[in-house]
Amino acid sequence: MEYVSTRGESSSVSFADACLAGLAPDGGLYTPVTYPKIQPAQPGESYLSLATRILSAFAGDSIPTQIMSELVEKAYASFAHQSVTPLNQIGPDRWMLELHHGPTLAFKDVAMQIIAQIYDHLLTERGERLTVLCATSGDTGGAAAAAFAGLKSVDVFILHPHERISPIQRRFMTSTGAENIHNFALDSDFDECQAIVKSLFADHSFRDEVSLSGVNSINWTRIAAQSVYFAAAQGALGADRNLRFVVPTGNFGDALAAYVAARCGMLNGLELVSAVNSNTTMVDLMNTGALTRRSAVATHSPAMDIALPSNAERLLFEVMGKDGAKLKAFYDSFAQSGTAELDEQTKGALGCVGVKAVTIDDEATEAEMKRLLSETGTLQCPHTAVGSAAAREIPTECVDVILSTAHAAKFPETVSEITGKTPPLPDRSEEFLAREEVYERLPADLHKVREAIRAGVRR
Ligand SMILES: *Cc1c(COP(=O)(O)O)cnc(C)c1O
């Protein structure tokens, strides 16, 4: 399998190189040259077997199937449910696809657990090591800390805005007890953390000195790993049934994974609703063909407070017929003027992929959380409620599958304020709360952060 950059100016690379690099050198996102044809989930096929088949198809020669199977087994041993991502029926032809049974109670675990195993395997084989650097507004940092904790080939540095993430989110990152996980609490907001990460990646001599790598959803491996649960849901509900997936969306990574599953022939067609909160960039793009720069607004669903959904780039690349030069011109125009408009042909193609986007504000999210409690007796996290409300807003003939992206107990303050009930934390998470937290508080200063990383990297 070969991967090209969406911006068309980097040479094609193997799965292993695309995985370890994260972002392509020309600033684009790696994407397969051709989508492999993958057999849909078979009746009774286990999640582990399905994940092995799908990830092996994307890895090609980079990782033998037998080894992939071992990595997959290790990755998902940390999940509390045997089906890894079980379906839970909440009404006639209405299901929740529960993605929060991993160690940090959010769907980020599904991809992060396997990406850590793949990194460790590839790096050990090459005799190399890497430094993973990420900024987090909550869930990604915890998932990365849990997945990479204790691995010999990788040091992880996570930047979070001091006192601007929930205590539970922080504890998942800071209580691993692992020597290779480093947390910096910056006196700033998330955007500033993100800006410092970007500056460090742009500093080529530093990047090479510590071998920086990124595991946010620009990394293709995460998309590949997330395509598995869409295929699994289709298999479990019946190969001949038409499903509609409703996906709570921030960076559009999860939604793109559904598109990928369909492209590889693992779904019975594609009908998808990308559900966003009041950060509506995706809705405008789908409805008007315009991409416009905005600043993120804070909502009840913080993991989706994203103004520029990075993985939209991969979808646009496909609807532009994989024309990297055209895509680059579009994003260059956006970078210069803060806005860019798709041409008529691309708009037409985008309208035909089977994706709709809809916005759900905080008020509607609150109403949906209360409604889910009274109708189904379940407490749902605000992100999941955005999806569920979006599903009600756009009726469908299909069987509805709403992605439940986090456990309600991860957002106890919001959930109890809205519903009057406090979601109990699963037993397996209690041990985290008992452990000692380790993090370093730093000013939001590029130089200080760089020095702190230098000091923490194992050479
Ligand atoms: C990250 C996240 C999302 C958004 O997923 P994207 O792939 O960024 O669109 C939704 N819900 C939760 C709980 C998340 O952590």
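Atom set for the values below is all heavy atoms of this structure, side chains included, hydrogens, waters and symmetry mates excluded. Note that ligands are numbered from 1 as they come in the structure, with each ligand's atoms numbered from 1 the same way.
Judged by distance alone, with hydrogens and angles left aside, the side-chain atoms of Ser301 form no donor-acceptor pair with the main-chain N or O of Pro382 at under 3.5 Å.
Contacts of Glu375 classified as salt bridge (Lys or Arg N to Asp or Glu O under 4.0 Å), with partners at least two apart in sequence or in another chain: Arg371, Arg392. With sequence neighbours left out, the salt bridge (Lys or Arg N to Asp or Glu O under 4.0 Å) criterion links Asp332 to Lys328.
Looking at Lys74 and Asp120, no side-chain N of the basic residue comes within less than 4.0 Å of a carboxylate O on the acidic one, giving no salt bridge.
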Would you mind writing out a table of all protein N or O atoms found under 3.5 Å from any N or O atom of ligand 1, naming both atoms and giving the distance to 0.1 Å?
| from | atom 1 | to | atom 2 | distance (Å) |
| --- | --- | --- | --- | --- |
| ligand 1 | 7 (O) | Gly253 | N | 3.2 |
| ligand 1 | 7 (O) | Asp254 | N | 3.0 |
| ligand 1 | 8 (O) | Asn251 | N | 2.8 |
| ligand 1 | 9 (O) | Gly250 | N | 2.7 |
| ligand 1 | 9 (O) | Asn251 | N | 3.2 |
| ligand 1 | 9 (O) | Phe252 | N | 3.0 |
| ligand 1 | 11 (N) | Thr405 | OG1 | 2.8 |
| ligand 1 | 15 (O) | Lys108 | NZ | 2.6 |
| ligand 1 | 15 (O) | Asp139 | OD2 | 2.7 |

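Residues in residues 408-429 take part in these side-chain hydrogen bond (donor to acceptor under 3.5 Å, both in side chains) pairs, two or more places apart or across chains: Asp139-Lys410.
Residues Asn277 and Asp305 have side chains that bring a donor and an acceptor to within less than 3.5 angstrom of each other.
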